[in-house]
Amino acid sequence: MANQPMLKFTKVGRDMPTKRTADDRKTDFNEIYAEFAREKAAEQASRCSQCGVPYCQSHCPLHNNIPDWLRLTAEGRLQEAYEVSQATNTFPEICGRICPQDRLCEGNCVIEQSGHGTVTIGAVEKYITDTAWENGWVLPAKPAQERAESVGIIGAGPGGLAAADVLRRAGVQVTIYDRYDRAGGLLTYGIPGFKLEKDVVMRRNQQLEAGGVTFELNCDVDAAKFAEIRETHDAVIIATGVYKSRDLGLPEVAGFESVRALDFLTASNKLSFGEETAGYAEGTLNAAGKRVVVIGGGDTAMDCVRTAIRQGANSVKCLYRRDRANMPGSQREVQNAEEEGVVFEWLTAPKGFTSEGVMVQRMRLGLPDATGRQAPELIEGSDYVEPADLVIKALGFEPEALPQMWDQPELEVTRWGTIKAAFTTGETAMDGVYAVGDIVRGASLVVWAIRDGRDCAEAILDRFGAAHAIAAE
Ligand code: FAD
Ligand code: SF4
Ligand code: SF4
């Protein structure tokens, strides 16, 4: 491949991989973007102006060396691009797919700020690593030397898996315990396939296993198991995420039940593995033929509305109490949802349920509150009933009360119930016990969980006096 000179942003426009049409993508749970062709990836990478102070990099939670792997991609040196990219990111192909790039790397790209359209960093990162998988460059851990120390990790989400990878490459013995039957955490059972296809996650799990990580699945860690894990291992990492769904606190009515977003999404993700849950079979977690109302404006709500469309709902509406500009979910996902036929009812909030559906009240935005956001206020007398056969509550998540669940009062938590852990090491108030990911940050992002997992693993390697051997073999 001919080398591409860089700084082509004035001549070459921003281009994303082809997006499938809404009519096509509504019929399945496959990802909605095609892969870049090799020439296209090189051309898009060559738009980068190779900034001396790359804001893209400083705004990536992993501080990925983005300018270098863009240059190598533009030059057709894909294996080297992959080596650079994986040196700081355990799962680059996953971040390339599901990071909210508009708020992180791409949102801070200087050529975007000069009006030329950001470099498509996420799509190139995905392309590099998918190519690496195709060519067999992604290799399991093969530590130069086995170590005697072992680490028990509770939770097989991205935080736990990233820590496991770093520890295992340094020769540490690693066991991951998870209550689910498959590893991956929310990558497997939360995030739908149209954002992240399941085989992308499963091949990572298989590779960790091939590198010597032991998985103890279907293992719901309770007080007795926690004590056993602590006794067995030299260090323990808590990576359990946040799973307590926030509720509306509104009484349910007879014959009409609202469901929790994660129950709905998990049932749908199970189907991707060919497994029908009871809730799906009975219809409580199945949107087919129904008028569906989703309550909430975050990314979980966006995943629910788009899942309902794919399950064949008759109509899908999303109620959110603020307006479009003030919603927490990604604007890219709102646009995707609208293209697929979702109707957004901005400035609306549920007041109660009737046998017909949801009692809705209209809102307006008032004065800014303590957080600086305009607070939604009720418009008196504006109530109406939104007819619905299935109501899905996507109102966010809170941590489970781990000190009580595990009978560990010395495990300190914040006033939000998240575990108190030292910044950059994950050390908790208990000696040898660390914590990473959502259980520390509250509901956050995959890329932050990866960052925490890697940092924590390095701190544990320091504790063991082990060299950091993060790079792939
Ligand atoms: P998790 O991924 O939650 O994994 C925790 C694991 O711990 C789970 O496997 C769980 O079974 C296990 N566990 C918990 N308690 C126990 C116990 N007692 N015993 C044994 N095992 C236990 N982030 C993005 O960056 N991009 C997105 O597009 C995105 N979309 C999302 C969509 C949805 C619907 C949701 C809910 C979240 C989304 N997120 C997204 C957020 C992201 O998934 C999380 O921030 C991330 O997965 C947190 O990783 P984690 O490792 O801390 O926890
Ligand atoms: Fe951007 Fe996420 Fe990749 Fe960092 S990990 S470069 S934020 S897509
Ligand atoms: Fe390239 Fe944009 Fe990063 Fe600058 S900010 S190095 S142009 S990707």
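Below, each value reflects all heavy atoms present in this structure, side chains not excepted, and no hydrogens, waters or symmetry copies. In listed order, ligands and their atoms are each counted from 1.
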- Qualifying residues under side chain to side chain donor-acceptor pair (under 3.5 Å), relative to N64, sequence neighbours excluded: T88, E125

- Note on the structure: Check: of L161, I191, T240, D299, min heavy-atom distance to atom 29 (C) of ligand 1 comes from I191

- Query: Sequence neighbours excluded, which residues qualify as side chain to side chain contact (heavy atoms under 4.5 Å, CB included) partners of T307?
  - Reply: F29, P192, F194, F264, L265, S268, Q311

- Item | C219 and ligand 1 - part of the residue with a heavy-atom distance under 4.0 Å | backbone

- Item | F344-Y320 aromatic ring centre distance below 6.0 Å | no

- Note on the structure: Contact region, W448 to ligand 1, non-hydrogen atoms below 4.0 Å, reads neither

- Item | Contact with ligand 1 for Y189, non-hydrogen, under 4.0 angstrom | no

- Quick check: does C105 have an N/O/S atom under 2.8 Å of atom 2 (Fe) of ligand 2? no

- Note on the structure: among protein heavy atoms, the one nearest atom 28 (O) of ligand 1 is K195 NZ, 2.9 Å

- Note on the structure: Within 4.0 Å of some non-hydrogen atom of L104, the atoms of ligand 2 are 7 (S)

- When you measure from atom 15 (N) of ligand 1 to each heavy atom in R182, R179, E216, which option holds the nearest one? R179

- Task: Considering non-hydrogen atoms only, spot the tightest contact between I419 and A435 and give its length.
- Result: CG2-CB, 3.9 Å

- Message: Tell me the protein heavy atom at minimum distance from atom 2 (O) of ligand 1, and give that distance in Å.
- Response: L186 N, 3.0 Å

- When rounded to the nearest 0.5 angstrom, what distance separates CD1 in I237 from CD1 in I229? 12.0 Å

- Task: Before giving the answer on side-chain hydrogen bond (donor to acceptor under 3.5 Å, both in side chains), spell out for R454 and T90 the whole-Å C-alpha distance, their side-chain angles and the decisive distance to 0.1 Å.
- Result: CA-CA 8 Å; R454 292 173 66 94; T90 318; 3.0 Å; yes

- Protein N, O or S atoms less than 2.8 Å from atom 2 (Fe) of ligand 3, ignoring waters? C109 SG

- For ligand 1, note which part of A449 has a heavy atom under 4.0 Å away: side chain, backbone, both or neither. side chain

- Just let me know how L265 lines up against ligand 1, side chain, backbone, both or neither, with a heavy-atom cut-off below 4.0 Å. side chain

- With D15 via side chain to side chain donor-acceptor pair (under 3.5 Å) - residues at least two apart: K40

